[in-house]
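Here is the structure we will look at, set down as structure tokens.
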Amino acid sequence: MHSSIRQKLCTRTFGQSTLPTTVLPEMMQPDEMMESSAKAAQSGSGHDQGLRDLHNQFHAFDDSLCAVDKTRRETPAFALAVTHNKELWAIFKRTWKFKDEQPQRSQHLELFATEVRELRETLQKLN
């Protein structure tokens with residue numbers, strides 16, 4: 001989904017509402033799974049189960065960013081989390097392009113896992 005459309009949907013869905021504080025722990029779980037899936041998918045080829053799992057987990061995480069309450073969305077840490085998310089999208093798109101080619105697939109998935117670790121540190125600052 002195009003990012004501006006996604007943003008409008010997020011705003012429409014979560015706009016001014018305050019969501020429970022449990023959203024942040026729920027965001028941490030997909031990021032841990034994404035790191036594991038990225039490592040597991042490194043040796044694969046094509047649109048295999050590992051890459052499908054990572055793809056689905058990444059969409060779940062991306063959607064969870066919309067569920068952060070307004071107070072946290074206005075913090076510098078959240079702005080940095082959004083930047084990490086955009087970097088992850090760029091890396092994932094390149095991974096998808098090289099899904100059939102080693103070592104590019106493996107290198108991009110390792111970069112993805114590294115970026116997820118940096119994202120995790122940022123998300124911990126939101127608590």
Name all residues meeting the salt bridge (charged side-chain N to carboxylate O under 4.0 Å, His left out) criterion together with [X]; count only those two or more places apart in sequence or in a different chain, and write none if there are none.
X      : value
Asp100 : none
Lys99  : none
Glu110 : Arg117

In plain terms, say whether Lys39 and Glu35 are close enough for a salt bridge, that is, a side-chain N and a carboxylate O under 4.0 Å apart.
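Yes, Lys39 and Glu35 are salt-bridged.
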Treating [X] as the side-chain partner and [Y] as the backbone partner, does any N or O pair qualify as donor plus acceptor under 3.5 Å?
X      : Y      : result
Ser106 : Gln102 : no
Ser37  : Met34  : no
Arg105 : Ala41  : yes

Going by heavy atoms in the side chains, are [X] and [Y] under 4.5 Å from each other?
X     : Y      : result
His55 : His59  : yes
Glu32 : Arg120 : yes
Asp62 : Phe92  : no

Taking only residues two or more places apart in sequence, or in another chain, which ones meet [X] in a side-chain contact (heavy atoms from CB on, under 4.5 Å)?
X      : result
Thr75  : Ala77, Phe78, Leu126
Leu111 : Ile91
His84  : Leu80, Glu87, Glu115, Glu118, Leu119, Thr122
Ala79  : none

What residues, two or more places apart in sequence or in another chain, satisfy side chain to side chain donor-acceptor pair (under 3.5 Å) together with Thr95?
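Residues passing side chain to side chain donor-acceptor pair (under 3.5 Å) with Thr95: none at all.
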According to side chain to side chain donor-acceptor pair (under 3.5 Å), who are the partners of Arg52, at least two apart in sequence or on a separate chain?
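Per chain and number, Arg52 pairs via side chain to side chain donor-acceptor pair (under 3.5 Å) with Gln49.
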Applying side chain to side chain contact (heavy atoms under 4.5 Å, CB included) to Glu121 and Lys125, what does each step give before you reach the verdict?
CA-CA 7 Å; Glu121 292 171 12; Lys125 294 175 186 175; 5.5 Å; no
Geometric class of the His47/Trp96 ring pair [parallel <30°, tilted 30-60°, perpendicular >60°]
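It falls in the perpendicular class, over 60°.
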Parallel, tilted or perpendicular for Phe112 and Phe58, by the 30°/60° rule?
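Ring orientation of Phe112 relative to Phe58: perpendicular.
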Test side chain to side chain contact (heavy atoms under 4.5 Å, CB included) applied to His108 and Arg94, Lys97, Gln42, Lys93, the passing residue:
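Exactly one option meets the side chain to side chain contact (heavy atoms under 4.5 Å, CB included) with His108, and it is Arg94.
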